[in-house]
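Notes to accompany the following structure.
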Amino acid sequence: MKQLSICRPDDWHLHLRDGKMLAAVIDDTSRHFGRAIIMPNLIPPVVTGADAAAYRDRILSCLNPEHHFTPLMTLYLTETTQLHDVADAAKRGLVHAVKLYPAGATTNSASGVRDLEKVMPVLEMMASIGLPLCVHGEVTDPKVDIFDRELVFIETVLDPLRRRIPELRVVLEHVTTSDGVDYVKNGGKTIAATITTHHLFINRNHILAGGIRPHYYCLPVAKRESHRRALVRAAVSGDQSFFLGTDSAPHLDTAKLMACGCAGIYTSPNTMSCLAHIFEGESALDRLEGFTSLHGPAFYQLPINKERVTLVKQSEPVIYPKSRATPDGELTIFDCGFPLFWAVKS
Ligand code: DOR
Ligand code: ZN
């Protein structure tokens with residue numbers, strides 16, 4: 001039996017939703033993770049410091065008292081976001097990042113940013129206080145092919161923005177391309193990227209070949225195999241610029257399995273087993289802790305978690321349920337396509 005003890009992991013990109021869904025999914029994160037950066041794309045979005053404080057309280061009220069979990073709140077950047085409100089929420093330690101959704105890029109992004117000019121003063125203030133900007137890095141121009149949207153975003157939005165405000169600290173969320181990996185690798189200390197669990201396993205064939213698989217549909221959409229390999233290499237490389245952000249994004253099966261299904265994959269329950277499988281396959285188990293537990297706090301300038309967790313490799317596969325029941329219906333859990341032998345023991 002193999003064992004691995006690591007510092008308790010954090011999830012630097014997580015959707016917890018609200019209400020009944022929040023109550024149904026929170027345990028799957030708080031059981032294993034110490035902290036998570038909580039995405040603000042609720043309806044209505046979490047825009048102000050007051051919104052974030054109220055949302056944080058709703059999350060805390062659902063927490064299992066035996067779990068030691070801290071939600072790290074973010075604000076949803078809009079063209080009318082108030083600079084002083086963001087600065088105040090950051091100063092109070094309530095908010096740890098601001099999220100940029102290009103309007104229309106993904107789930108609940110309609111209130112996002114159309115014209116970056118309008119948010120420049122907020123971004124300049126964030127640069128001056130070191131508050132990170134998390135970006136959904138895809139252009140929304142319908143003329144741009146969906147598989148090219150990340151690269152075009154980097155070239156036409158992200159790089160010009162970083163040249164204009166070089167001190168702005170940016171997280172390129174859920175990077176999906178070798179181009180994105182290279183950009184971050186060579187981008188210096190002000191940029192990092194999160195990598196999701198699912199993008200380490202699936203390429204676009206998994207979504208489309210041999211039948212359409214709505215449970216593998218997410219945004220940014222998985223790319224071809226060479227890009228998946230680049231993500232795996234980045235994750236296991238030990239480069240501090242890359243860390244875990246699951247983008248675990250629960251949607252009810254009824255919302256996924258329809259003519260126009262929602263984007264999002266629910267990976268919180270089995271993420272640590274999945275990651276240990278990938279890192280072991282790359283002979284890089286010694287780098288798992290960096291990816292899940294050390295690089296993220298370093299970028300966010302937070303201490304690492306004091307607690308530790310133990311991963312144990314079992315002789316029999318760990319059995320995860322296919323779905324979670326919620327009061328409104330089933331929620332399918334990510335099926336990585338392989339038997340998983342690594343279990344989280346504490
Ligand atoms: O697949 C996704 N789901 N990508 C996103 O950017 C948003 C997320 C969600 O909120 O469902
Ligand atoms: Zn997300």
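Each ligand, and each atom within it, is numbered from 1 in the order the structure gives. Quick note: numbers below take in every heavy atom, side chains included, and nothing from hydrogens, waters or symmetry partners.
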Those atoms of ligand 1 less than 4.0 Å from some heavy atom in [X]:
| X | value |
| --- | --- |
| H136 | 6 (O) |
| D247 | 4 (N) |
| H251 | 9 (C), 11 (O) |
| A249 | 3 (N), 8 (C), 9 (C), 11 (O) |

If we only count N/O pairs under 3.5 Å, is [X] in contact with ligand 1?
| X | answer |
| --- | --- |
| I265 | no |
| Y217 | no |
| L219 | yes |
| C218 | no |
| N41 | yes |

Modelled atom types, side-chain donor and acceptor of [X] and [Y], under 3.5 Å:
| X | Y | value |
| --- | --- | --- |
| T78 | T81 | yes |
| R169 | Y300 | no |
| H15 | N41 | yes |
| Y55 | D18 | no |

Is H15 close enough that one of its N/O/S atoms sits under 2.8 Å from the Zn ion (ligand 2)?
yes

Taking S61 for its side chain and R58 for its backbone only, find out whether a donor-acceptor pair lies under 3.5 Å.
yes

Give a yes/no on ligand 1: does R17 have at least one heavy atom closer than 4.0 angstrom to it?
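True for this residue.
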
May I ask you to decide whether K118 forms a salt bridge with E79, counting only side-chain N to carboxylate O separations under 4.0 Å?
yes

Please examine the side chains of R287 and F279, heavy atoms only from C-beta on, and report whether any two atoms are closer than 4.5 Å.
yes

Please report the interatomic distance NE2(H136) to CE(M39), rounded to the nearest 0.5 Å.
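One gets 11.0 Å once the value is rounded to the nearest 0.5 Å.
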
Looking at CZ of R31 and CE of M272, how far apart are the two atoms once the value is rounded to the nearest 0.5 Å?
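So the gap between those two atoms works out to 13.5 Å.
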
Out of the N/O/S atoms in H13, what is the name of the one closest to the Zn ion (ligand 2)?
NE2

Among the N/O/S atoms of D247, which is closest to the Zn ion (ligand 2)? Give the atom name.
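Of the nitrogen, oxygen and sulfur atoms in D247, the Zn ion (ligand 2) lies nearest to OD1.
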
Distance from atom 7 (C) of ligand 1 to nearest protein heavy atom, with residue and atom:
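For this ligand atom, the closest protein heavy atom is T106 OG1, 3.3 Å.
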
Please state which protein non-hydrogen atom is closest to atom 3 (N) of ligand 1 and give its distance, to 0.1 Å?
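So the nearest neighbour among protein heavy atoms is A263 O, 3.0 Å.
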
Give the C-alpha distance, both sets of side-chain angles, the deciding distance and a yes or no for salt bridge (charged side-chain N to carboxylate O under 4.0 Å, His left out) between E330 and K322.
CA-CA 9 Å; E330 292 295 309; K322 286 203 172 338; over 6 Å; no

